[in-house]
*Asks:* 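Submitted below is the structure of interest, expressed as structure tokens.
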Amino acid sequence: MVNPLKPSERMRIPRQAPIEQPPAIRNHNFEEVSLGFNEDLVTQEALRCLDCKNPVCIDGCPVSIDIPAFVRLVVEKKYLEAAKKIKEQCYIPAITGRVCPQERQCECECLLGKKHKPLSIGKLERFVSDYERLYGDNTPPEIHARREEKIAIVGTGPAGLTCAAELAQRGYRVTMFEALHAAGGVLRYGIPEFRLPKAILDVEIENVKKLGVEIVTNFIIGRTATVDELLDDFGFHAIFLATGAGSPNFQGIPGENLPGVYSASEFLTRVNFMRGYLFPEYDTPVKIGKRVAVVGGGNTAMDAVRTALRLGPEKAYLIYRRTKREMPARAEEVDHALEEGVELHELTAPIRVISNDGRWVSKIECVKMQLGEPGSDGRRKPVEIPNSNYILEVDTVIIAIGQNPNPIIQATTPNLASTKKGTVVVDENGQTSREGVFAGGDLSRGGATVILAMRDGKLAATSIHQYLEKKAVEHHLAKTAVS
Amino acid sequence: MFEIVAKESLAPVLTKFVIRSPFIARKRKAGHFVILRVDDHGERIPLTIVDSDAESGTITLIVQTIGKTTKLLSLKEKGDTLLDVAGPLGNPTPIENLGTVVCIGGGVGTAEIFPIVKALKEAGNRVVTIIGARNKDLVILEREISEVSDTLIIATEDGSRGLKGLVTDALSDYIQSNGHIGAVYAVGPIPMMRAVSNFTKPFDLKTFVSLNPLMMDGTGMCGACRVTVGGETKFACVDGPEFEGHMVDFDELIARNRAYADLEKQSLERFERELAEGGLIHG
Ligand SMILES: Cc1cc2nc3c(=O)[nH]c(=O)nc-3n(C[C@H](O)[C@H](O)[C@H](O)COP(=O)(O)OP(=O)(O)OC[C@H]3O[C@@H](n4cnc5c(N)ncnc54)[C@H](O)[C@@H]3O)c2cc1C
Ligand SMILES: Cc1cc2nc3c(=O)[nH]c(=O)nc-3n(C[C@H](O)[C@H](O)[C@H](O)COP(=O)(O)OP(=O)(O)OC[C@H]3O[C@@H](n4cnc5c(N)ncnc54)[C@H](O)[C@@H]3O)c2cc1C
Ligand code: FES
């Protein structure tokens with residue numbers, strides 16, 4: 001069955017709203033906020049696709065998923081085939097369907113969006129991949145050619161997981177090393193359960209393991225073993241570095257080290273990774289008090305403020321120096337945060353954190369901003385309005401103004417080129433300045449996105465394969481030359 | 001899983017564990033620490049690697065029972081396993097031959113200074129070690145430390161062993177009656193490290209202290225461990241844990257370490273109740 005509707009009829013169908021937990025309920029629990037589409041909704045939504053001759057949505061997708069093709073399969077109710085179609089390009093659609101900034105990628109290009117609202121591509125992707133997880137055949141693909149070469153993958157976020165899966169399928173012996181006690185990277189310790197249920201991540205990690213990939217946790221490259229030791233002593237033939245950008249930035253304002261000031265990474269790790277919200281059932285404490293202020297406008301800030309809200313404060317403020325429109329976070333998350341009762345202080349920047357007794361935070365002093373000339377990134381720069389200072393009474397401050405790579409690998413790997421910010425320099429193939437050592441994801445980009453990390457992981461897998469093939473040929477030639 | 005291959009009680013509330021962890025044993029140097037988690041509900045806590053044996057693949061930890069996690073750990077026996085042990089973390093202590101050096105350990109800090117004493121001795125220094133404790137029962141590692149020190153001075157607060165007084169009294173006596181000192185290394189409770197730093201400052205005597213902020217990941221990812229040194233924010237797990245004592249903002253460190261004192265107390269009391277009732281201990 002192809003789409004039975006005429007284009008004009010398709011355009012008349014409104015964009016289907018996903019099922020969601022009501023704001024006043026969900027802001028007290030950690031269960032998933034968006035429940036996505038059911039089968040009726042997914043059919044209605046898929047019917048909206050104009051199936052354009054020149055599908056520009058594909059250009060908007062960082063990994064070029066054949067969107068019209070998978071949507072056609074949804075219309076035909078061939079959900080498993082649709083999922084397969086997506087997986088030709090994207091290894092983890094149940095995750096990207098949930099966390100990609102679709103409004104700036106595929107959906108931003110969708111022609112429907114010119115006059116109406118764009119196709120809800122992310123929610124369609126999510127539906128079919130959830131369907132596949134529940135009803136699909138989860139046996140791992142057969143691996144035909146076995147290769148002798150051993151590959152080390154450092155970091156178990158989306159970049160590392162994707163690279164591992166690709167290489168394992170090509171028959172390589174793959175070992176992943178993770179510094180923390182569980183795999184998944186930001187998907188595990190950063191993005192909260194209410195946005196990305198850990199059960200979904202667990203399935204993806206199990207799938208990677210089923211391909212024969214070994215995951216070693218509690219193993220910090222640069223400390224437990226260095227990159228050079230992996231190559232020289234452990235006998236790895238190539239390495240993919242994907243350690244992300246986890247190290248939090250601070251503003252450098254007075255009072256920022258007072259007890260009660262968290263980085264978003266610390267706060268989210270305490271709550272999500274260490275389950276601080278279940279203290280004292282779990283041992284890691286977290287304190288939020290009656291009023292919490294979160295500083296920033298990205299996904300990390302949204303996750304921090306919404307997580308804080310779920311710990312039951314009376315007020316949760318979001319302080320951002322530009323306006324809501326300029327926020328780098330996914331639009332859906334910003335909307336959800338505001339629906340849930342977050343109070344937005346836009347065009348506002350904190351300048352000082354204050355404590356009444358030196359033991360815990362009590363206030364944050366802010367100044368109002370206005371948007372000035374565009375800066376080098378094209379965004380209008382916020383400028384302070386003189387004498388506009390005001391004070392907010394708060395019990396907790398959470399700083400979410402960006403992250404850079406942690407310095408461990410760069411500091412312990414001789415001749416590995418990196419930038420001032422600590423990102424590792426790579427060429428267009430993901431190759432670093434060290435032979436046999438590749439890098440990608442947030443480690444080479446600085447804080448970016450899940451889909452780009454995944455793309456880098458795929459690219460590195462191809463590059464590593466080519467590198468090892470070349471090595472094998474060279475080795476063979478050298479051998480025949482000798483004999 | 002990391003097996004406990006030996007356990008020994010050294011003093012009231014001080015327990016020594018030898019743990020199988022071959023990769024860490026192979027790499028560890030003086031000044032390194034691990035982060036461990038006892039069980040699935042547990043916190044991640046940092047502990048100094050006191051010693052290691054690359055051949056048998058083991059590391060030695062000495063733990064002071066102070067709260068819930070260290071209490072839970074103290075109940076583990078030989079043959080039990082710990083869920084997670086990660087390391088070696090932090091920067092190793094820079095070890096040079098500086099002539100004569102003074103190493104000071106206070107309380108459980110005596111265990112933490114031991115590997116530094118050993119490394120400084122191996123580097124050819126004349127090592128003077130001062131052990132401070134509240135009373136004679138809390139003096140630990142006396143034999144081990146005396147074997148690698150040229151001089152060992154013990155100071156107890158109640159005078160039940162060695163000099164009566166604080167480590168700074170012992171340091172003062174030593175400085176007054178002896179010649180040049182290359183550097184001082186102090187590990188122990190924050191008030192002790194601050195007192196030593198304040199004492200050596202007028203002498204312009206280089207003083208290294210090993211800071212013990214709260215930590216979580218130990219890889220520079222959270223910033224829980226941030227300390228102010230020389231007016232700059234540093235992450236102790238990746239920039240330290242050793243810093244120059246004269247530059248450290250100790251007041252800030254004390255305030256930050258108290259951040260969860262109320263919740264930690266609640267957690268310990270709950271655990272002790274569970275133990276008393278013979279009830280469920282998760283793990
Ligand atoms: C709170 C938050 C919310 C976000 N929300 C979104 C979103 O909605 N949509 C989106 O697209 N992106 C989002 N992002 C960004 C996205 O998560 C990252 O771009 C992505 O996870 C990067 O993947 P990665 O594989 O490069 O690294 P990471 O996911 O950071 O994983 C790196 C892993 O390497 C480990 N590691 C670090 N150092 C070492 C070492 N020396 N040895 C061994 N292991 C090491 C780390 O512990 C970690 O597990 C968010 C980020 C945060 C922090
Ligand atoms: C690099 C480093 C090395 C360390 N090495 C050792 C070691 O070799 N042996 C050892 O016994 N301990 C060591 N510590 C301290 C140890 O990590 C803490 O005692 C432990 O985390 C306490 O956990 P708990 O759950 O038992 O107590 P909690 O319930 O967490 O705390 C109980 C009480 O102790 C205080 N406290 C907690 N953590 C610290 C800390 N880091 N410093 C000072 N006071 C604290 C709390 O404020 C509270 O009042 C080290 C700390 C660091 C950062
Ligand atoms: S412990 Fe997390 S950054 Fe140091």
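All chains are named by letter (A, B, ...) in the order of the sequence lines, taking the proteins before the strands, and each is independently numbered beginning at 1.
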*Asks:* With distance as the sole criterion, is a donor-acceptor pair present between the side chains of B/H41 and A/R275 under 3.5 Å?
*Replies:* no
*Asks:* Rounded at 0.5 Å granularity, tell me how far CE in A/M274 sits from CE in B/M216.
*Replies:* 7.5 Å
*Asks:* As an exercise, state the distance from CG of B/D217 to CZ of A/F273, rounded to the nearest 0.5 Å.
*Replies:* 9.0 Å
*Asks:* Tell me the closest heavy-atom pair linking B/C222 and A/S263, and the distance in Å.
*Replies:* O-OG, 2.6 Å
*Asks:* So which of B/V227, B/T233, B/I35, B/V34 has the largest heavy-atom pair count under 4.5 angstrom toward chain A?
*Replies:* B/T233
*Asks:* If I measure from the heavy atoms of chain B, does A/Y189 come under 4.5 Å with its side chain, its backbone, both, or neither?
*Replies:* side chain
*Asks:* If you count heavy-atom pairs within less than 4.5 Å of chain B, which of A/G244, A/A245, A/G276, A/S247 leads?
*Replies:* A/S247
*Asks:* For A/E256, which atoms come within 4.5 Å of any heavy atom of chain B: side chain, backbone, both, or neither?
*Replies:* backbone
*Asks:* Over all heavy atoms of both residues, which pair between B/G220 and A/P248 is shortest? Give the atoms and the distance, please.
*Replies:* O-CD, 3.8 Å
*Asks:* Mind checking whether B/V238 and A/N406 have side chains closer than 4.5 Å, heavy atoms only?
*Replies:* no
*Asks:* Do B/M221 and A/T269 touch side chain to side chain, with heavy atoms closer than 4.5 Å?
*Replies:* yes
*Asks:* In terms of heavy-atom contacts, does NZ of A/K198 have more than 12 from other residues, nucleotides or ligands at under 6.0 Å?
*Replies:* yes
*Asks:* Shorter than 4.5 Å, heavy atoms on both sides: which option in A/G260, A/P407, A/P285 has the most such pairs with chain B?
*Replies:* A/P285
*Asks:* Let's test your reading of the structure: which of B/E43, B/R258, B/R226 forms the most heavy-atom pairs below 4.5 Å with chain A?
*Replies:* B/R226
*Asks:* Counting only heavy atoms closer than 4.5 Å, note whether A/I408 contacts chain B via side chain, backbone, both or neither.
*Replies:* side chain
*Asks:* Testing the 3.5 Å rule here: is there a donor-acceptor pair between the side chains of B/T69 and A/D283?
*Replies:* no
*Asks:* Looking at B/R26 and A/D233, is any side-chain nitrogen of the basic one under 4.0 Å from a carboxylate oxygen of the acidic one?
*Replies:* yes
*Asks:* With only heavy atoms counted, which part of B/D262 is less than 4.5 Å from chain A, the side chain, the backbone, both or neither?
*Replies:* side chain
*Asks:* More than 12 foreign heavy atoms under 6.0 Å from CZ of B/F208: is that the case here?
*Replies:* yes
*Asks:* What residue in A/T243, A/T226, A/T224, A/L258 has the most heavy-atom pairs under 4.5 Å with chain B?
*Replies:* A/T224
*Asks:* To the nearest 0.5 Å, tell me how far B/C237 SG sits from A/R223 CZ.
*Replies:* 8.0 Å
*Asks:* Give the minimum heavy-atom separation between B/A86 and A/A179, together with the two atoms involved.
*Replies:* CB-O, 4.3 Å
*Asks:* Is it true that, when you exclude A/R359 itself, more than 12 heavy atoms of the residues, nucleotides or ligands shown sit nearer than 6.0 Å to its CZ?
*Replies:* no
*Asks:* Can you label the angle between the A/Y262 ring and the B/Y260 ring as parallel, tilted or perpendicular, going by 30° and 60°?
*Replies:* tilted
*Asks:* Mind listing the closest non-hydrogen atom pair of A/W360 and B/A259 along with its distance?
*Replies:* CZ3-O, 3.5 Å
*Asks:* Pick one of side chain, backbone, both or neither for B/R28, based on which atoms fall under 4.5 Å of a heavy atom in chain A.
*Replies:* neither
*Asks:* Most heavy-atom pairs under 4.5 angstrom with chain B, which of A/I399, A/V261, A/T217?
*Replies:* A/V261
*Asks:* Do side-chain atoms of B/R256 reach the backbone of A/N257 as a donor and acceptor pair under 3.5 angstrom?
*Replies:* yes
*Asks:* For atom NZ of A/K150, decide whether the heavy atoms of other residues, nucleotides or ligands shown that lie under 6.0 angstrom number more than 12.
*Replies:* yes
*Asks:* Search all heavy atoms of B/L83 against all heavy atoms of A/N218 and return the closest pair with its distance.
*Replies:* O-ND2, 4.3 Å
*Asks:* Taking everything shown except B/E96 itself, do over 12 heavy atoms lie less than 6.0 Å from its CD?
*Replies:* no
